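Residue numbers begin at 1 in each chain, while the letters A, B, ... track the order of the sequences. In this text the structure is predicted, and so the values were computed from the model without any measurement.
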Amino acid sequence: MNLAKVIVDVPTMQTNEPYTYLVPDELNDKLQKGMRVIVPFGNGGRKIQGIVWDIDNNGTFDGELKEISGLLDLDPVLNTELLDMSKWMAEKTYSFQISCILTMLPSVMRAKYQKQLVLNDSSEIDDDILAIFGDDNVVDFDVDEYPASVLKKIIQYRKENKLSVEYKVSDGAKAKKIYAIKPNLTTEQAKEELTKVRKNSKNLIKILDFIINHNDKEIAQRKLVHDFDIPEAAIKSAVDKGWFARFLQEEYRNPYQGKIGTNKPLKLNDDQQSAVDRISAATNRNQDTVFLLEGVTGSGKTEVYLQSIQKALELGKTALMLVPEISLTPQMVKRVKGRFGNRVAMLHSGLSNGEKYDEWRRVNNGEADVVVGARSAIFAPLDNIGIIIMDEEHEASYKQDDSPRYHTRDVAKWRASFHNCPLVLGSATPSLESRARATKGVYQLIKLPHRINNQSLPEVRVIDMKEEVKNSGQEDFSSELLSAINNRLQKHEQIVLMLNRRGYSSFVMCRSCGFVLHCPNCDISLTLHMDSRTMKCHYCGHEEPIPNKCKNCGSKKIRYYGTGTQKVQEKLQSLVPNARILRMDVDTTRRKGSHERILQKFGNGEADILLGTQMIAKGLDFPNVTLVGVLNADTSLDLPDFRSSERTFNLLTQVSGRAGRAEKKGLVYIQTFNPDHYAIRLAQRQDYELFYRKEMNVRHQTNYPPYYFTVKISASDVNEAKAAAKMYEIAKILKAKLSDQAIMLGPSPSSILKLKNKYYYQIIIKYKNEPNMKPCLEYILNHYQKDAQKGLYVNIDPDPLNFM
DNA sequence: AGCACGCCGACT
DNA sequence: GTCGGCGTGCTC
């Protein structure tokens, strides 16, 4: 008898390995690796979902084996590539294999569990218990819905076998089904029938005409009704007569029905052409080369992607293109769909769960061979991949923030090497990690240094808000920016204003000199904690009182920094009463499709000013925008994170690229209290190269990536002392096991100490060569699992992007 | 995760 | 003497 190795849906460390089950005879010829199954688990008769990891007949388990109870799929949902990858990914991210598997699948395939109470023998059962059941003697059973007295009786009856508890496993993976019709008659038979029907049965005659003309074609019932004007009742009677066979057929939900035009390939300039040549040469030769495509904003990276994809498709291969969620704008979708049409599957958060499932199935069935999507699209079940593209590779959203904490770039590299295909990392401002690898020759660097059609980069002016406050008392809009706004309004050109909300109110800054309080130990800005009324360093735990005057210049104008978009909108409206202002932030884009609507309105010229947060910095391409203003460049500069300079530089560079994308020249204003900071100065000059070198220097001196690896370990509990104590315990273990080259920061409270009523404490370790690190983290993972039951969670985040 | 088992105090 | 509280350990 065959044995199946199953990964069960129980996310714990103890169950993080395949369990052996017997394959019942009736499943023997159906069961395949990668299918979802239902299996019994534990001694309470519980049933759970699992994934078939392997089928063979050599088991090592010497206890009594149980049988697989049933199948959830008729075809595998994971191929061997993705199964192997789930194992690698679980080890890499210190998470459970089942969690990795579930993140690879559409969310509707996640099992739902329902306990049910079944009535076996209704004689001698009290009326109050009988009343619980419906006609079919089965009822959904949630223990906490019933009072103790009832539960007591249920337990008693269960002992007597009059009642039993059963477990139902189901999933929400419902395909949309429609009625389809297929004629049962040959043309001759139909002609024969035609002589028999009464002359006034006009609908039956229509049906027979249809059969005569479209003899063996299947057709949707809906189509028969609309296109051939045959009422449903007539179809039904034709089915009764045996003329038609009627059956249910799966149909894909198509969110883009009829919305897409065409998009023809553009002529490439020399830089673009040579980029496409180098990339497609790697596709041709089956080389898993990683390319870093460094192109200034407006250099036409997207066209390079599309034509490289085209080359892969011409070889009969498939293509995977990843973009940050935020740049999956309608403009982008139209461009790709317009180029490759129905071969494209789109996977993004704007789709309903059912639509996502349909797009996923189109890929799994081989009906789509180009996939475009955000982070999780990296798991699309494509075969024979010829190219993987990651646009805006520096974007933090490529890293998943909760378990499994994978970085899309790592998964992309794994898949590229599996498929022997190139991986293209594209950005105007590559992450330091990627750029350093390109410099070392690990990645191939391709540069696109010129904007297409030789447009000039916009002029960027930095405005010192310290002066502005001193002179006019104006904190949000400098007089220079305001006059530029008025000027564009007169010329009927459009304006984009960005309010940088990152780090809103979490640190204090002096409005006279721009001074921000830093930790004496870590050179990281201190975070304001209102609960304890102190300034804390969440790297090392240093703490000091909130200052009431500036330590640098003595001014009393020191306070929390930050302001909301709504407030700014009101203020702006009072300054330019006639301007039409559109606001775009989390509040105005919460509803599905509202993001799209706002951009469309702005693109149609229904507004003069688009005021928004970070989400307006990327991917927008509006030719009439000639002025871009960043109202507060500093808020992301002084976040307690060693990447804050890099993020600020990226953001400013990206948003500047929104200005002057057509023939009109663009102008950018950056308002800041730190006009001399290198991130701002170099963003003004759009000088990535110099920024890269300068920032690498800083990282080298402070022992941060890419020179050092980092890992974040955190503990959370409703009880603050427990979380802290746990981290001190872990710190002790780490100190004992790691070399003295490893640098430990903390334990210290996280900068958002309290989140969802839980307290967080963390340690950050910086290390270079630490062969003990992996076993050590695995030890922590195994050792502290049991604490999870008491609500104390220990998390490990390898290579964290978010240090807060 | 969720279930049973087992050991302890409180009760008819 | 028994009921039910929660801590502990296991699930093919």
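Closest approach to the Leu65(A) side chain among dC3(B), dC12(C), dA1(B) is made by dC12(C) (side chain taken as heavy atoms from C-beta onward). For Arg158(A), taking side-chain heavy atoms from C-beta onward, the closest of the listed nucleotides dA4(B), dC10(C), dC3(B) is dA4(B). Minimum atom distance to the side chain of Val10(A) is reached by dA1(B), of the listed dT11(C), dC12(C), dA1(B).
By the 5.5 angstrom centroid cut-off and the 30-degree plane limit, Phe61(A) is classified as stacked against the base of dC12(C).
Residue Arg361(A) forms a side-chain hydrogen bond (donor to acceptor under 3.5 Å, both in side chains) with just one option from Asn364(A), Asn365(A), Asp358(A), and that option is Asp358(A).
Rounded to an integer number of Å, the gap from CD of Gln116(A) to P of dG2(B) is 16 Å. Look at CG on Leu151(A): it is 11 Å from P on dG5(C), rounded to the nearest Å. Per the geometry, NZ belonging to Lys66(A) stands 9 Å off P belonging to dT11(C), to the nearest Å. The CG atom of Asp9(A) sits 16 Å away from the C1' atom of dC3(B) (whole-angstrom rounding). Following rounding to the nearest Å, Tyr19(A) (OH) and dA1(B) (C1') show an atom-to-atom distance of 12 Å. Atom CD1 in Ile98(A) sits about 18 Å away from atom P in dT11(C), given to the nearest Å. Going from atom CD of Gln14(A) over to atom P of dG2(B) covers 15 Å, rounded to whole Å. Between the P atom of dA1(B) and the NZ atom of Lys115(A) lies a distance of 15 Å, rounded to the nearest Å.
When the side-chain nitrogen and oxygen atoms of Lys152(A) are compared with OP1 and OP2 of dC3(C), none of them lie within a distance under 4.0 Å. Here Tyr167(A) reaches the OP1 or OP2 of dC3(B): one of its side-chain N or O atoms lies under 4.0 Å away.
A donor-acceptor pair shorter than 3.5 Å can be found between the side chains of Glu720(A) and Tyr761(A).
No salt bridge links Glu359(A) with Lys356(A); every basic N to acidic carboxylate O contact stays at or beyond 4.0 Å.
Residues Gln49(A) and Leu102(A) share a closest heavy-atom pair of OE1-CD2, 4.1 Å. In plain terms, the two heavy atoms of Met89(A) and Pro404(A) that are nearest each other are CE-CG, 3.9 Å. Nearest heavy-atom pair, Thr710(A) versus Tyr704(A), reported as atom, atom and distance to 0.1 Å: CG2-CD2, 4.5 Å.
Between Phe379(A) and Tyr406(A), the two ring planes are perpendicular [angle over 60°; tilted spans 30° to 60°].
Within residues 27-51 of chain A, the residues approached by DNA chain B to less than 4.0 Å at the level of any non-hydrogen atom are Asn43(A), Gly44(A), Arg46(A), in residue-number order.
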